[in-house]
2 protein chains.
Amino acid sequence: MNLSFDVEEFIKEFENSCNKVQRKTFDKNQVITSYIQKRNQFCILISGNADLVRYDLNGNRTIIEHFSNNDIFGEVFYNVTTNNELSVEARSKCEVLIYSYQNIHYKCKQNCKFHQKLTECLPELILDKVTSLNMRVELLTKRSTRDKLLGYFNLLSTRTLSKTFKLPFSLTDLADYLSVDRSAMMRELKLLKEENFIKKDGKMITLLYK
Amino acid sequence: MNLSFDVEEFIKEFENSCNKVQRKTFDKNQVITSYIQKRNQFCILISGNADLVRYDLNGNRTIIEHFSNNDIFGEVFYNVTTNNELSVEARSKCEVLIYSYQNIHYKCKQNCKFHQKLTECLPELILDKVTSLNMRVELLTKRSTRDKLLGYFNLLSTRTLSKTFKLPFSLTDLADYLSVDRSAMMRELKLLKEENFIKKDGKMITLLYK
DNA sequence: GATTTTCTGTTGCAAAAACAACAAAATTTT
DNA sequence: AAAATTTTGTTGTTTTTGCAACAGAAAATC
């Protein structure tokens, strides 16, 4: 995502002057935050990869969203009504900025540039999130596992401007992301290979159609 | 959705002074807009009901989103990459405000209150959209038709603060919204009734558990 | 660099969902 | 108020997906 601000510059700025923001580091597999809809937490992922996951009563894990550089997340985007716990888990070492959403609108004591800039960029950041969620809905509403796979591959192909691209997930995680059973997905992948829709070498996928 | 502005007041205002906004009325079943990612259209539904729908190559119709009063929509929220056409169809008579997203940020000649207020409310409006999209993803990632139905019923129950509520859809549309086959959904509804999870009378549903 | 853990690939079988088709009910149009 | 259209409810059959289980490959940990 091409943000119109330089996060590094921000960090230098706020560490000296801003009292409204926390900067935290998380190790791989640590839980960054759980959504409990009390704190109105709003976060920006500065580096690393993380997933918003849900475990349901049947033991299914679902990757609701996948976050990378400059993605935003937090319970402020959720009306938590479900019984299932939602939590954001670090997939690699992560650096995260954590705010309270309310505080974003109030200037901090020092009226730091960090806050000014953030207020300015916020609509754009949130708009990006809407776009990416719409894409997610588009994908999840596909009726078959095959259509979900091809839809996702198309997305990656469009993003990378190439017929060949690398999956940002393990296949296990991909199944949890597309919300399908892993073995069924593997079967479908095999068929897609056999029918010459795709070529697959590890996590490298090549689209062979159109 | 509880907006912090009064749309009626706005309309009076802008009709006299604002040259950046179009106000249009649509009859039932008319196409309000199609997403073609050229015009950066941004719309607010003032009255009526409308759906964002997709028709895929297999003839399946999917209701991607359902809009009612004060909901926002438009191609600006989409990176249209799919082959499938997306269009917003009026379910009843609709009044719609149509902008170009860029124009929202520039003050119009008269610097009308309308634009001022909109700029002010925009982050809140978009945030609402994120929340509702997250709910949608939550629903669509449920693995079974039963869980989707119960998840959706829970949502409506929470919204109306009541165990009894009216479906805002026909059952045909509900199936398209949950992205499942209608007859399979009907079968599941029947089972839910037989197993005393719900009571159903036309579009009125009552939850019998918890 | 050996060991443990996770991931990939596969399969038979069970369960769920989709497809297809139709009649009855309800709604809309004329 | 009659006719046409859409929606609801139902069911048999086919297809797809999920479940369970396991072996080999790869990756992570010690």
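Being a predicted model, the structure only gives us computed values, none of them experimental. Below, read A as the first sequence line, B as the second, and so on, with proteins coming before strands; counting in each chain starts at 1.
- Checking side-chain atoms of B/Asn134 against main-chain N and O of A/Phe77 turns up a donor-acceptor pair under 3.5 Å.
- End-to-end axis angle of the helix from C/dG1-D/dC30 to C/dT30-D/dA1, using five pairs per end and rounding to 10°, comes to 70°.
- Side-chain N/O atoms of B/Thr145 include none lying less than 4.0 angstrom from OP1 or OP2 on C/dA16.
- Counting non-hydrogen atoms under 4.0 angstrom, B/Lys203 reaches the backbone sugars and phosphates but no base.
- Between the CZ atom of B/Arg61 and the C1' atom of D/dT7 there is a distance of 12 Å, given to the nearest Å.
- Shortest non-hydrogen contact noted between B/Thr25 and B/Gln30 is O-OE1, 4.4 Å.
- Atom CG in A/Leu191 sits roughly 11 Å away from atom P in C/dT10 (whole-Å rounding).
- At least one donor-acceptor pair under 3.5 Å links the side chain of A/Ser162 to the backbone N or O of A/Thr164.
- Going from atom CD of B/Glu188 over to atom P of D/dT10 covers 14 Å, rounded to whole Å.
- In this structure, CG of B/Asp181 is placed 13 Å from C1' of D/dG9, rounded to the nearest angstrom.
- Here B/Lys200 lies in heavy-atom contact (under 4.0 Å) with sugar-phosphate atoms only.
- The NZ-C1' distance, from A/Lys190 to D/dT17, rounds to 16 Å in whole Å.
- C/dG12 atom C1' lies 17 Å from atom CE of A/Met186, rounded to whole Å.
- Distance from the side chain of B/Ser144 is smallest for C/dA17 among the nucleotides D/dT17, C/dT10, C/dA17.
- Picking from C/dT8, C/dT11, D/dT11 the nucleotide with the shortest atom distance to the side chain of A/Arg187 gives C/dT11.
- Both A/Lys28 and A/Val180 sit near DNA chain D, but only A/Val180 has its closest nucleotide nearer the 5' end.
- Mapped onto DNA chain C by nearest heavy atom, A/Gly202 and B/Arg143 fall at different nucleotides, with A/Gly202 at the one closer to the 5' end.
- Nearest heavy atoms, A/Lys129 versus A/Phe73: NZ-CA, 4.5 Å.
- DNA chain D is contacted by both B/Ser170 and B/Ser183; B/Ser170 maps to the nucleotide lying nearer its 5′ end (nearest heavy atom per residue).
- Each of B/Phe169, B/Tyr177, B/Tyr152 was compared with B/His66 under the ring pair (Phe, Tyr, Trp, His ring centres under 6.0 Å) criterion, and only B/Phe169 meets it.
- Residues that satisfy the side chain to side chain contact (heavy atoms under 4.5 Å, CB included) test with A/Asn29, not counting sequence neighbours, are A/Arg91.
- As a whole-Å value, the separation of A/Arg182 CZ from C/dC7 C1' is 7 Å.
- Classification of the A/Phe153-A/Phe165 ring pair by plane angle, with boundaries at 30° and 60°, yields tilted.
- B/Arg146 places its CZ atom 16 Å from the C1' atom of D/dG18, with the value rounded to the nearest Å.
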